[in-house]
Structures are given as structure tokens and as C-alpha cells.
Amino acid sequence: MWYLSQINLMEELPLEDLKEIERMAPMSKIPKGTIISSPGEAPPALYLLKKGKVRLYKLNREGKEFTLGILGDGNIFGEVETFSTGTRDTYVEAMEETLLCVLNKKDFEEFMKERPQLAIKLIGILTERLREAEEMLENLAYGSVQKRLLYLLSKLVHHFGNQKGAYWELDLRLSHQDLAAMIGATRETVSATLSELTRQGVISKERNKRDLRIHRKKMESMMNEK
DNA sequence: TCATTAATGTGTT
DNA sequence: AACACATTAATGA
């Protein structure tokens, strides 16, 4: 129940409503690597991600995965005809052990009817995502690869990073290919740009460690320049 | 641990 | 940015 109250959409609900949701959509534990949702099968549902991380991706014509984005604790996603939260034609994979609730379309819509304020809240969440998407588009259209990459890292870091002194620590397991796909660059350019940023001391990576450390001030100042 | 595959680094066009 | 190729890391039997 505590986890439910951590979900953005649900945080202001009274306890009795949380119990109601728990009854309709019991929490399930999803092992790392599980495909939660894939195109083709279309059980319209809303997912409440309580804890963990999921990766949204598509497949290109060669069958390679193309990462669209990452969602973390407290996010909602899924395909409910009433309000698309955007997973049609995309795969959703658990990047780590994840706790989530699955709410079917009927239950979700019933619940929304009872709770107009929830619908308003949902609009707010979708609006925020749209705003971020527009910001990303503008950035993709006009920025250099370095600027786009820094922008992406800043987004990831704000959602998933931990502040450690003058640095952000990011423990995402994204390949350079994934990062490249998200900013519309090639894998090689992303590798080269990351190396360059490492030389400049903006980011650093400990050997044999997946965590990426990003100097906060340097990142911000570099985003404003180039 | 070792062998195989995946990811990454870099020079050239 | 695309390509080729070298090097290094990750995986799993």
C-alpha cells in the first residue's frame, strides 16, 4: 500500500481508494528482463509502476532494438483508448526487478468516472510528458550531438540519478547504441562524444563499474555553450 | 575460468 | 555519418 501512494497519479488519494485499486489490480513482482508488453497482443491496460525501471523500445527493420525512453518509480504507462499514454507498437521490458499494478481498461475507466480529480491529474501528467517531448524535439532539431547528449543525460539524471557531492551518479545500463537511438545520432558519434566529455572531466566512469559520474556544474555550463 | 558474443574505440573516407 | 577493423567488456557454460 505504501508503494501505491508513491505513484504520482495516486499520491493524493485517500487510503480507501488505494485499497480499492489494490483490490482491482494486485501488485505483482516482475523479474528483470521480462517483456511486460509487446505489440500485437493488445490487452488495453494501464500499468502503475511502483518500483523499478522499464525500458520502452521498438524494433527497426533489421530487428534491432530502438530505445524510446525509460520510466521509473511512480510512473504510469500503457495503452488505454481513453487516454493514450503511448505504448502502442512498443515493447516494454523490465530493466530490473519491478513492482507494478495492472489495471484493465474497464476498471480504469470506472475508477476515473468516480474520481474526476484523478482525470485532471492524469491530464497534468500527460501534459508534462508532452512538454518534455517538445523540448526534446527542439533540442534534436537544433543542437549539436554533444548538446543533445548532455541534454539527454541531464534528463536521465534528474529522473534516475543520485546526487553525490559535486556529481550525479547514474546507474542506468544503457548502451551507447541506446543513447544514440534516443538522440538521433550514430553509435560511433556517441562513443566519441562520451570519450571527449570524459577527457574534459565532465563525466567519468570507474573501471569495471557501471555507474556513470557526471559533474553537475560542468554539465550545466556546457549545455549552455555549444 | 575460458570461449564466444556484445559493446566500445578509433582511423579513414 | 558511415564503414571497417581493433580492442575491451560481458555473458554464460
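Here is the naming used below: chain letters follow the sequence lines, and residue numbers restart at 1 for every chain.
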Side-chain donor-acceptor pairs under 3.5 Å in residues 168-179 of chain A, sequence neighbours left out?
from, atom 1, to, atom 2, distance (Å)
E169(A), OE1, K164(A), NZ, 3.1
S175(A), OG, Q177(A), N, 3.3
S175(A), OG, D178(A), N, 3.1
S175(A), OG, D178(A), OD2, 3.3
H176(A), ND1, S191(A), OG, 2.8
D178(A), OD1, T67(A), OG1, 2.9
D178(A), OD2, S175(A), N, 3.3

Q) Between dA10(C) atom P and K205(A) atom NZ, what is the distance in whole Å? A) 6 Å

Q. With E220(A), which residues qualify under side chain to side chain donor-acceptor pair (under 3.5 Å), at least two apart?
A. none

Q. What string of B, S and - do you get for nucleotides 8-13 of chain B, 5' to 3', if B is base contact, S is sugar-phosphate-only contact and - is no contact with any protein heavy atom under 4.0 Å?
A. BBB---

Q.
Using heavy-atom distances to pick each residue's nearest nucleotide on DNA chain C, tell me which of A185(A) and R173(A) is more 5'.
A. A185(A)

**Q.** F160(A): partners by ring pair (Phe, Tyr, Trp, His ring centres under 6.0 Å), with sequence neighbours left out
**A.** none

Q | Contacts of S195(A) that satisfy side chain to side chain donor-acceptor pair (under 3.5 Å) - sequence neighbours left out | A | none

Check: residues 132-139 of chain A side-chain donor-acceptor pairs under 3.5 Å, at least two apart:
from, atom 1, to, atom 2, distance (Å)
E135(A), OE1, R131(A), NH1, 2.8
E135(A), OE2, Y151(A), OH, 3.1

